[in-house]
Trainee: 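Here it is, the structure, as structure tokens.
This one's a predicted model, so the numbers in the text were calculated from it and none came from an experiment. Chain letters run A, B, ... following the sequence lines, proteins first and then strands; every chain starts at 1.
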There are 2 protein chains.
Amino acid sequence: MDELDSAIVRELQRDARQSNRDIARKVGVAPSTSLERIRLLRERGVIRGYHADIAPSALNRGVQALVSVQVRPLSRGVIDAFKAFAAQLPEVLSVFVMAGSDDFVIHVSAQDNEHLHAFLVDRLSQRKEIVGFRTSIIFQHLAKHDPAPLPAP
Amino acid sequence: MDELDSAIVRELQRDARQSNRDIARKVGVAPSTSLERIRLLRERGVIRGYHADIAPSALNRGVQALVSVQVRPLSRGVIDAFKAFAAQLPEVLSVFVMAGSDDFVIHVSAQDNEHLHAFLVDRLSQRKEIVGFRTSIIFQHLAKHDPAPLPAP
DNA sequence: TGCTGAGCCGAACGTTGTTCGGCAGTCAGC
DNA sequence: GCTGACTGCCGAACAACGTTCGGCTCAGCA
């Protein structure tokens, strides 16, 4: 991860669909060089993929929420099973496994409040390992798609 | 947003860096057609961008947390100002503006626990409008990068 | 000094992006 | 039913691009 790698990563975070030649020009190397760097970054697992960012409303996901979930017993089996269950639900956007008073925080979205409610009471609360959950509606979500590298510790 | 648009969006969510010809072949149209569709999807704001997914550790972000924040007074000015402040901090990955007992949930990451703590007490808690916040460490974060469209309501 | 390896470059060639003219299907108005 | 306008798709053409590979430079080391 030298300065060149960082510059390439920054460009791909900003716009993953620009041409390799554009990237090479912006970071100041030959296209063959940046191509090889990108190949190595993927191989080393630094770059995990490239994804289009889609407006939620276009996917019929007008309402979003964070759901804090407590499960019992707190064993690996229960945690892994619940994690896999949650991740596979279509309404779930992302699953956080947490330390602290909540065991999971789940970022979900649905067509509207009615569907969200139905999802919570029909799907989520079915699970026997859940001993409690708390849902908070998201008014607005600002996501940074190009987090900068922090200085080395 | 017909079936063709959905198929194209799905492909770009899965891999935003594949060639337009590949996408066209997979969804069963001519490359010129899929190119035009993609152009329109961007123009309509359905596709908001393309971003590389980078391993957090490669950005020196070994520890992540969710911070629930309460601010007062709950006026638009205070909310907008705090939102802008939070979004601009390098440690912040994303900002949720919430309904319910917490006003914000902030997804942050830092090099290690020490830096995280320093960030919380030196940067975040400086803000006068904050009347309380609660930090929960994230053990694991599973993100779905290709949420499927939900059935129309 | 000479050797070795790593990293970058530039040329070359097959592949792709992008534009544009044309064609088929649809629909409104008559 | 006919006409005309419109929309969306296709395929060809050319410029631009991706990808490979041989060779060059330079640092490190003995």
Trainee: Sequence neighbours excluded, which residues qualify as side chain to side chain donor-acceptor pair (under 3.5 Å) partners of A/Gln70?
Mentor: none
Trainee: Show the distances under 3.5 angstrom between N or O atoms of the protein and N or O atoms of nucleotides 15-18 of chain C.
Mentor:
{"residue": "C/dG17", "atom": "OP1", "partner": "B/Asn20", "partner atom": "N", "Å": "2.6"}
{"residue": "C/dG17", "atom": "OP2", "partner": "B/Asn20", "partner atom": "N", "Å": "3.4"}
{"residue": "C/dG17", "atom": "OP2", "partner": "B/Arg21", "partner atom": "N", "Å": "2.9"}
{"residue": "C/dG17", "atom": "N7", "partner": "B/Arg21", "partner atom": "NH1", "Å": "2.7"}

Trainee: Going by side-chain heavy atoms closer than 4.5 Å, which hydrophobic residues are tied to B/Leu93, directly or by a chain of links?
Mentor: none
Trainee: Using the salt bridge (charged side-chain N to carboxylate O under 4.0 Å, His left out) criterion, which residues pair with B/Lys144? Sequence neighbours excluded.
Mentor: none
Trainee: Could you identify which residues cluster with A/Ile8, counting Ile, Leu, Val, Met, Phe, Trp and Tyr as linked when any side-chain heavy atoms lie under 4.5 Å apart, either directly or through a chain of such contacts?
Mentor: A/Met1, A/Leu4, A/Val9, A/Leu12, A/Ile23, A/Val27, A/Val29, A/Ile38, A/Leu41, A/Val46, A/Ile47, A/Tyr50, B/Ile54, B/Leu59
Trainee: Under the 4.5 Å side-chain heavy-atom rule for ILVMFWY, direct or indirect, which residues accompany A/Phe96?
Mentor: A/Leu66, A/Met98, A/Val105, A/Ile138, B/Leu66, B/Phe96, B/Met98, B/Val105, B/Ile138
Trainee: The criterion is ring pair (Phe, Tyr, Trp, His ring centres under 6.0 Å); which residues satisfy it with A/Phe133, sequence neighbours excluded?
Mentor: none
Trainee: Quick test of your reading: applying salt bridge (Lys or Arg N to Asp or Glu O under 4.0 Å), list the pairs with at least one residue in residues 118-131 of chain B, sequence neighbours left out, ordered by first then second residue.
Mentor: B/Arg127-B/Glu129
Trainee: Will you find, in the side chains of B/His145 and B/Gln13, an N or O donor that is under 3.5 Å from an N or O acceptor?
Mentor: no
Trainee: Scan residues 36-44 of chain A against DNA chain C and write down, sorted by residue number, each residue with any heavy atom closer than 4.0 Å; if none is found, say none.
Mentor: A/Arg37
Trainee: Checking all strands, does B/Leu4 fall into the base, sugar-phosphate, or nothing category for heavy-atom contacts under 4.0 angstrom?
Mentor: sugar-phosphate
Trainee: For the helix from C/dT1-D/dA30 to C/dC30-D/dG1, figure out the bend between the end axes, five pairs an end, and round to 10 degrees.
Mentor: 30°
Trainee: Restricting to nitrogen or oxygen on both sides, can you table the protein-nucleotides 21-26 of chain C pairs closer than 3.5 Å?
Mentor:
none

Trainee: Just to verify, what does A/Ser94 make a side chain to side chain donor-acceptor pair (under 3.5 Å) with, not counting sequence neighbours?
Mentor: B/His141
